[in-house]
Number of protein chains: 2
Amino acid sequence: MGFGNVSERRSAPPQVGVSVVILALGPRGADDTGTASNAAHSQLWMPLVKRVRQPFMGSWALPGGHLRADRSLEQSAFEALESTTALHPRYLEQLYTFGDPNRSHGGLPMVSIVYWALVEQSEAVDFEDGDNVRWFPEHDLPQLAFDHRAIIDYALERLRSKIEYSDVATRLLGPTFTLRQLHDVYEAIAGQSIDLANFRRKMLASGDLEDTGEKRREGRQRPAAVYRYVPKEQVNDTVQRAGIPGSPSSYAGDHAVASLDPRHNAAHDDALAPLTPSAQR
Amino acid sequence: MGFGNVSERRSAPPQVGVSVVILALGPRGADDTGTASNAAHSQLWMPLVKRVRQPFMGSWALPGGHLRADRSLEQSAFEALESTTALHPRYLEQLYTFGDPNRSHGGLPMVSIVYWALVEQSEAVDFEDGDNVRWFPEHDLPQLAFDHRAIIDYALERLRSKIEYSDVATRLLGPTFTLRQLHDVYEAIAGQSIDLANFRRKMLASGDLEDTGEKRREGRQRPAAVYRYVPKEQVNDTVQRAGIPGSPSSYAGDHAVASLDPRHNAAHDDALAPLTPSAQR
DNA sequence: GCAAAAGTGTTCACGATACACCCATGG
DNA sequence: CCATGGGTGTATCGTGAACACTTTTGC
């Protein structure tokens, strides 16, 4: 597969791959090394893989894989995620496509279609490290290969903005949760304290939380009510378009995946596609 | 360039290209055909090109082009835009990457990295149609090739959400404008009437509009003050990352390109990259 | 001076914030 | 019975929507 000469190689299309930023809520108050990060809140953690070839051999990098012509981008992202980390995301959304010619710093030009995923805490609860995959807390990342550091920052930005108008926060928890747990997620993502009383009211007022009737005791005092996320009426025309962002869908069985409107890019926005699509918002 | 057999072709990577959704503000009240669309506001128009090969030969489609390993994605999008329509965008941002295996409906699997662009009204003021390129109003689009209709809808969604927290609206006008002109843009994009008094106050309160001192007469009555968009203080660390969304930059000379935070997608968000980057928000 | 558009003022409803408070539970 | 966290009440503030109003211009 050799190219003829330099100019042919220049006008040739670049290589294309998929990468995934995977995020999970870290253990309560765990700060790993005693870094200066505020130990009050939980932190977001993510798995990274060690590169075994040049360039950036030995550096940590985002899990990734190849594209296949018979798979949707999302499926490719899902497979890359699953094969490298064996995790099952509760949320998966395209983040951005990176293709700057010099992002590979000496390697061949590479276009990366990047997705971001959320997995629930219990999936990674032990934050077990394999041979070539290891979990790192958001505030204590190692040196990263390529432009992966910037990509992660962008994913975190997206998460932070998206938490305000979608249900992404619930995807870091299990299918049911207490208001305090949800509150913790919001604080972890925002990185600052949020008034619990007002938070509670706002969440309940949204109408998207359904009381399961169940009670759960987190600490050693009074048990809290357990809720489930149930998006309100899906006022939506049935215009369904495969692989089109803004069309959310179910995933891996019963895990609904949020959509969003592309504010800011909103903008930007989409959701899982593989299974039964069902619109929202 | 033939592949060996079916299974090889399946696991092979798909073809990759760039496409661009180009939007401009249509002439005042022009409705082309007397369709049922509310003739009160202006409308958004976009140029499409006629396909000259299968699949979808003869259908209208988004302007597009190839990727080159020695160009950034944005540059490739810019070149595709320029070579097919000869337009100079005042805004260019990555929209989304589409790669569903059956979006080509019989053609080879194709991944499209789609950008969206805004050009100012005067650039396309005559909405002149070339041989194979023609302008269409948002509410009177022809049958489109591939999934391009859905892509356009998504671009419009993005524009509509992004207008609320960025300066995209001004990119549909020239460098200076009256509040009424800006108001018209907002109404065209929103598709509904907006209280002019409140709109005026809100815009001025944002602090991003600077009175040029100039006066301009649109109709035949009292001339209006002319403003220029001047983003407030750029409170931003100098962390600059090439090709990373959220980092806006200048373009084609003096045309600054807006950034955004990725709400909704924000999605979703980035801006021009080629020239001197300078952050915002 | 009249029509049309530019530009200002005033009111109201609602949502977000701050913070005081009561209730349920386990030890 | 008391400490801890669950859960509620309430006053205040700022923003956006509605709409009445004044001012400036051209004919």
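First the proteins, then the strands, lettered A, B, ... as listed; each starts at 1.
- Rounded to whole Å, the distance from NZ on B:K202 to P on D:dA18 is 12 Å.
- The aromatic ring centres of B:F98 and B:Y96 sit less than 6.0 Å apart.
- You'll find the side chain of A:D184 stays beyond 4.5 Å of the side chain of A:L173, heavy atoms only.
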Pick out the pairs of N or O atoms, protein on one side and nucleotides 25-27 of chain D on the other, that lie under 3.5 Å.
from	atom 1	to	atom 2	distance (Å)
D:dG26	O4'	B:R220	O	3.3

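- Donor-acceptor pairing under 3.5 Å is lacking for the side chains of A:T170 and A:R90.
- Protein chain A contacts DNA chain C over a range whose 5' and 3' limits, counting nucleotides with an atom under 4.0 angstrom from a non-hydrogen atom, are C:dT17 to C:dG26.
- A donor-acceptor pair is defined here as one N or O able to donate and one able to accept, closer than 3.5 Å; such a pair exists between the side chain of B:E187 and the backbone of B:I194.
- The closest side-chain donor-acceptor pair between A:T97 and B:T97 falls under 3.5 angstrom.
- Put simply, the residue from A:I22, A:L92, A:L95 that forms a side chain to side chain contact (heavy atoms under 4.5 Å, CB included) with A:W116 is A:L95.
- Judged by distance alone, with hydrogens and angles left aside, the side-chain atoms of B:R160 form a donor-acceptor pair with the main-chain N or O of B:I189 at under 3.5 Å.
- Two residues are said to be in side-chain contact when any heavy atoms from C-beta on lie closer than 4.5 Å; A:I151 and A:D153 fail this criterion.
- A donor-acceptor distance shorter than 3.5 angstrom exists from the side chain of A:T212 to the backbone of A:V226, with no hydrogens or angles considered.
- Listed in residue order, the members of residues 193-201 of chain B having a heavy atom less than 4.0 Å from DNA chain D are B:D195, B:A197, B:N198, B:R201.
- A:F199 has its ring centre less than 6.0 Å from the ring centre of A:Y186.
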